[in-house]
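The structure appears below as structure tokens.
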Amino acid sequence: MTSSSSNKETTEEEQTAPEISPAEGGGGASSGGVGKADPVSSGGEEESGGAGEKVDDPMEEDSVSPATVFCIRLKQPRSNLQHKMSVPELCRQFSAVAWCGKLNAIACASETCARIPSSNANPPFWIPIHVVIPERPTECAVFNVIADSPRDSVQFIEWSPTSYSRALLIANFHGRTTIWTQPSQGPSNLVRDASCWQREHEWRQDIAVVTKWLSSVSPYRWLSSKSSTPTSSKSAFEEKFLSQHSQTSAQWPNFLCVCSVFSSGSVQLHWSPSQNNTSPKWFCTSKGLLGAGPSGIMAADAIITDSGAMHVAGVPIVNPSTVVVWEVTPGPGNGFQATPMASVGNGVPPSVKPPNWSGFAPLAAYLFSWQEHLMSEVKQGKKQIDEDFTDTITLHCLPVSNFSAYVSPEAAAQSAATTTWGSGVSAVAFDPTRGGSVIAVVIVEGQYMSPYDPDEGPLITGWRVQRWESSVQPVVLHPIFGNPTSGFGGQAPMQTVWVSKVDTSIPPTNDFKNYQPAAAGPISDVRKTSDSGAEKTKRVIFDPSDLPSDVRTLTRIVYSAHGGEIAVAFLGGGVHIFSGTNFTLVDNHQINVGSTIAAPAFSSTSCCSASVWHDTSKDCTVLKIIRVLPPAVPSSQAKANSAIWERAIAERFWWSLLVGVDWWDAVGCTQSAAEDGIGKNN
């Protein structure tokens, strides 16, 4: 693991420039730049766009649906194009985008680039990261992350939580993970210029099913108004937005912490306690084994609960219809210590056991105590500042609850005579505002293999999107076991019970059938799909050479910051957006991303969502923002419900003021709706 310093100079070894330089004036060694969102030619070369020259309008006008706020084509800076090799079939299938609610900046990855043989200015392969401010969509900053192969791409990209110092987390499929920050000094919440970025830290990791920031539960939650009663003294606004205090004094502090859950069935943390430090130090734990079986896990998510504990929800491959929730605790549990630096007996120094960070959650106190102990040893000369402490800081994972999601018996009876029938959870996500008590899952239903050709892909007959809620209830024991309270201090034993509150079916779509090689000719990159009518069974068809590292990922779930909206993205480009606790479908569309998942990014208040993909007809990266409110429905229907969505947008606007995030999206979607003749633009 290496960490870059905070100076702004580009070294020979560090090809990703910490500071962005102008596209026209950047030297050959610079791999970043500031450019406009102009189109690029099909050959990968920049079109003429100098002073006084006419360039194409970067704002896309073709294939724009009625709910489009804007659609732009992103280009790379000239310093990149000078050293880029034109390989039309290199890597044109990608989709990675994140929206910063505090800065109102969209970060998105574009195609993997290859260096021309005669140049050594850039690394052999790199991936440009574009940072776009929606208020000025024709201008963007660009910096590069290193790719490890021509088929490498960005798997996870996420902005740090709004209350923390601003940082951008980028993880590639091949395991290269980097943290990007801004060298400007000042308060962490201050909105600064988004055109200057530096690589603060980098590490390599195994194949991950999720890599994300960890943060405490937001004090402001988007609550359902169903609890409103005529006798209630609170207004709807108070019910939705007033602060919800935790029931415990243990808190998860504000510090940068990254959690990675690996497909092998283990979890690891990387964290930095420093805020606005010129030389930040990053620490990491060993890998804590979840205990999901020898095959690992298929999907996972992590969250910090109301009590300050860390929970991981995962789907074991050996039992893909079951979701298991583990609690990650400090200590030398069942982590991987191949070459331990200390034995189990003396693995925890006296300054760490017990932790001396009072008021903090046990896991956070454990991390801080270890970091304090290690840094003190560095000052005393016992350890080196760049020494690897991975094997010292251990984690223990304990299962705390589980629930099973399975196919209905009626559906199983329809095809049991011909093939093996089954259902599996392909994606799982915690509601970020409910502190680990609400989980959304996506279930794939179908015939997992054909008895005539076991090598064929599964037959998808449908999808289910479910919302599960947990509660603590007494354990019901048979009287034969006697009085259960006698052995628990006079109180009945308690258990966590999960109950399905929403079960929405999605017919099989054309996501997998729509994929065609680029040589087959240009096709529409954004298409509306229909959920109506009985569709035939769809077989998963894909090009093995275009698959990411982990082919088991079929879907991804994206929650909005306040939990009011949720997006489900399918392998092949299908996207469904649901709203409310009942998961009401508000939009569904198709993006041509091939054997990739086009997970969108919600804006600060989720009035809009952003998607990025490669336009095969123009050979360029396209960024599109669509309205979530009001959705793409017939104008007559939208006009009839204009009062409802105008109230919904107003509530989101007030929520943005309360939590301190940008409210451009509320204005943008209102203006877009007014231009479509829906409502008024006040």
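This structure is a prediction, so every number in the text was calculated from the model and none was measured. The figures here come from the full heavy-atom set of this structure, side chains too, leaving out hydrogens, waters and symmetry mates. For reference, positions follow the sequence shown, starting with 1.
- With values rounded to the nearest 0.5 angstrom, I170 atom CD1 is found 10.0 Å from T177 atom OG1.
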Evaluation steps, side chain to side chain contact (heavy atoms under 4.5 Å, CB included), between F262 and V267: CA-CA 6 Å; F262 306 112; V267 59; over 6 Å; no
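- In this structure, the side chain of S611 does not engage the main chain of K624 through any donor-acceptor pair within 3.5 Å.
- Under a 3.5 Å cut-off, the side chain of Y366 and the backbone N or O of T394 do form a donor-acceptor pair.
- With contacts defined as side-chain heavy-atom distances shorter than 4.5 Å, the pair T112/F94 does not qualify.
- Counting heavy atoms from C-beta outward, I127 and N172 have side chains that approach closer than 4.5 Å.
- Put simply, the side chain of T605 never gets that close to the backbone of R652: no donor and acceptor are under 3.5 Å apart.
- Aromatic ring centres of H270 and W203: separated by under 6.0 Å.
- Here the closest heavy-atom approach between residue A601 and residue V97 is recorded as CB-O, 3.6 Å.
- Between the CD1 atom in I566 and the NE2 atom in H576 there is a gap of 12.5 Å [rounded to 0.5 Å].
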Pair V154-I129, side chain to side chain contact (heavy atoms under 4.5 Å, CB included): steps then yes or no: CA-CA 10 Å; V154 173; I129 305 296; 4.2 Å; yes
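- Residues L585 and I577 are not in side-chain contact: their nearest non-hydrogen atoms beyond the backbone lie 4.5 Å or more apart.
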W252/S215 under side-chain hydrogen bond (donor to acceptor under 3.5 Å, both in side chains): CA gap, chis, key distance, verdict: CA-CA 7 Å; W252 186 268; S215 64; over 6 Å; no
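- Between the side chains of H562 and S606, at least one donor N or O sits under 3.5 Å from an acceptor N or O.
- When all heavy atoms are compared, the tightest approach of P432 to V217 is O-CG1, 4.4 Å.
- The two atoms that bring D665 and S603 nearest to each other are OD2-OG, 2.5 Å, heavy atoms only.
- Remark: D301 engages K212 in a salt bridge (charged side-chain N to carboxylate O under 4.0 Å, His left out) (not counting sequence neighbours).
- With rounding to the nearest 0.5 Å, the separation of OG in S110 from CH2 in W613 is 14.0 Å.
- By the 4.5 Å heavy-atom criterion applied to side chains, Y559 and D431 are counted as neighbours.
- For the residue pair W180 and T178, a side-chain donor N or O sits within less than 3.5 Å of a side-chain acceptor on the partner.
- Residues S272 and K281 form no side-chain contact, since every pair of their non-hydrogen atoms from C-beta on lies 4.5 Å or further apart.
- Remark: aromatic rings of F143 and H130 are distant, center separation not under 6.0 Å.
- No donor-acceptor pair closer than 3.5 Å links the side chain of W282 to the backbone N or O of W271.
- A donor and an acceptor atom, one from each side chain of T584 and N582, are nowhere located under 3.5 Å apart.
- Taking 4.5 Å as the limit, every side-chain heavy atom of F156 sits out of range of all side-chain heavy atoms of L169.
- Distance check: I597 CD1 to L571 CG gives 5.5 Å after rounding to the nearest 0.5 Å.
- The shortest side-chain heavy-atom distance between L269 and M310 falls under the 4.5 Å cut-off.
- Taken to the nearest 0.5 Å, the SG atom of C108 stands 5.0 Å off from the CG atom of L623.
- Remark: Q371 CD to M375 CE distance equals 8.0 Å, nearest 0.5 Å.
- Heavy-atom minimum distance, S470 versus T496: CB-CG2, 3.8 Å.
- Annotation: side chain of L363 is not in contact with side chain of T329 (no heavy-atom distance under 4.5 Å).
- For the residue pair S426 and T555, a side-chain donor N or O sits within less than 3.5 Å of a side-chain acceptor on the partner.
- For D662 (side chain) and W664 (main-chain N/O), a donor-acceptor pair under 3.5 Å exists by modelled atom type.
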Verdict with supporting geometry, W645 and C607, side chain to side chain contact (heavy atoms under 4.5 Å, CB included): CA-CA 10 Å; W645 67 258; C607 288; over 6 Å; no
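- Under the 3.5 Å distance criterion, the side-chain polar atoms of S604 are left unmatched by any main-chain donor or acceptor of V661.
- At a cut-off of 3.5 Å, with distance as the only test, a side-chain donor of S672 or R627 sits close to an acceptor on the other residue.
- Counting all heavy atoms, side chain and backbone alike, C100 lies closest to L103 at SG-N, 3.3 Å.
- A donor-acceptor pair is defined here as one N or O able to donate and one able to accept, closer than 3.5 Å; no such pair exists between the side chain of S656 and the backbone of W663.
- In the model, Q205 has a side-chain atom that pairs as donor or acceptor with a side-chain atom of S260 under 3.5 Å.
- A donor-acceptor pair is defined here as one N or O able to donate and one able to accept, closer than 3.5 Å; such a pair exists between the side chain of Q268 and the backbone of T285.
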I297 vs V261, side chain to side chain contact (heavy atoms under 4.5 Å, CB included): CA-CA, chis, key distance, verdict: CA-CA 9 Å; I297 58 176; V261 183; 3.4 Å; yes
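- No side-chain donor from either of E372 and W370 sits under 3.5 Å from a side-chain acceptor of the other.
- Y164 approaches P253 most closely through the heavy-atom pair OH-O, 3.6 Å.
- Between the W159 side chain and the A98 main chain, a donor and an acceptor come within less than 3.5 Å of each other.
- Under the 3.5 Å distance criterion, the side-chain polar atoms of S560 are matched with a main-chain donor or acceptor of E565.
- Using cut-offs of 30° and 60° for the angle between ring planes, the F360 and F368 rings count as perpendicular.
- Checking N104 against W99 by side-chain atom types alone, a donor-acceptor pair falls below 3.5 Å.
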